[in-house]
Amino acid sequence: MTKQELCAAAVAAMQKAYAPYSGCLVGAALLTESGKVYTGCNIENASFSTTVCAERTAIFKAVSEGERRFAMIAVAGGKGGVLTGAFPPCGVCRQVMAEFCSADFPILLVTGGGTFEETTLGALLPLAFSKDKVDK
Ligand code: THU
């Protein structure tokens with residue numbers, strides 16, 4: 001699975017978004033260390049706060065299947081599903097990533113036209129609140 005292929009999987013997942021309220025379609029593709037890909041889309045709700053982002057959909061799908069070791073995630077999104085630049089993960093999704101992934105976890109932000117920007121969880125969530133603070 002190349003980075004380009006993971007980005008393409010995120011773009012494909014974006015087409016499944018249920019976003020009747022914001023009109024923002026978002027897709028994520030999460031690669032496990034064992035080589036599997038779990039995809040997710042954003043799923044909105046009339047009770048807005050219950051909306052779930054694409055990244056968390058993908059992560060929760062993977063964790064609920066027994067996966068906990070992740071190699072990389074790609075995220076694609078835009079208004080009306082049009083990719084006009086990076087659609088970076090929200091703070092809640094960054095925190096969920098921090099539960100399972102280290103600071104060097106690569107995050108690919110699809111920018112459109114087959115291109116992406118690469119960053120890391122540590123760059124997007126410095127000084128993360130991590131489980132060592134609450135571990136017994
Ligand atoms: N959204 C995501 O899916 N991922 C993010 O990290 C940011 C926001 C979704 C939630 C909502 O359906 C729409 O984008 C607008 O906020």
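Numbering of ligands and ligand atoms starts at 1, following listing order. Start at 1 with the first residue, then count along the sequence. Everything quoted here is computed from the prediction, not taken from an experiment.
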query = Looking at atom 9 (C) of ligand 1, what's its closest protein heavy atom, distance included?
reply = Asn42 ND2, 3.7 Å
ask   = Under 4.0 Å from any heavy atom of Pro89, which atoms of ligand 1 are there?
value = 6 (O)
key: side-chain contact (heavy atoms from CB on, under 4.5 Å) assessment of Val26 paired with Val75   = CA-CA 7 Å; Val26 190; Val75 184; 4.2 Å; yes
ask   = Looking only at protein heavy atoms, which one is nearest to atom 11 (C) of ligand 1, and how far off is it?
value = Glu44 OE2, 3.3 Å
inquiry  = As a test of the contact definition, would atom 14 (O) of ligand 1 count as having a protein heavy-atom neighbour under 4.0 Å?
reply    = yes
ask   = Does Lys61 NZ have over 12 foreign heavy atoms under 6.0 Å away?
value = yes
ask   = How about Phe105 and Phe70: are their ring centroids closer than 6.0 Å?
value = no
inquiry  = Checking a contact table here: which protein heavy atom is nearest atom 3 (O) of ligand 1, and how many Å away?
reply    = Ala54 N, 2.9 Å
inquiry  = If I apply the N/O under 3.5 Å rule, does Val52 come out as touching ligand 1?
reply    = no
task = Please report which non-hydrogen protein atom sits nearest to atom 1 (N) of ligand 1, along with the residue it belongs to and the distance in Å to one decimal place.
result = Cys53 SG, 3.6 Å
inquiry  = Between Glu118 (side chain only) and Leu108 (backbone N and O only), is there a donor and an acceptor less than 3.5 Å apart?
reply    = no
query = Is the closest N or O pair between Cys90 and ligand 1 shorter than 3.5 Å?
reply = yes
key: Heavy-atom gap Ala19 to ligand 1 smaller than 4.0 Å   = no
task = Under 4.0 Å from a heavy atom of Glu55: give me the atoms of ligand 1 that qualify, with their elements.
result = 2 (C), 3 (O), 4 (N), 5 (C), 6 (O)
ask   = Do Val63 and Tyr38 come close enough that some side-chain heavy atom pair is under 4.5 Å?
value = no
key: Those atoms of ligand 1 less than 4.0 Å from some heavy atom in Ser22   = 13 (C), 15 (C)
task = Please tell me if the side chains of Val134 and Phe129 come closer than 4.5 Å, counting only heavy atoms from C-beta onward.
result = yes
message = Ser47 vs Asn45, test: side-chain hydrogen bond (donor to acceptor under 3.5 Å, both in side chains). Steps then yes/no.
response = CA-CA 5 Å; Ser47 177; Asn45 192 279; 4.6 Å; no
request  = Please examine the side chains of Ser34 and Arg69, heavy atoms only from C-beta on, and report whether any two atoms are closer than 4.5 Å.
outcome  = no
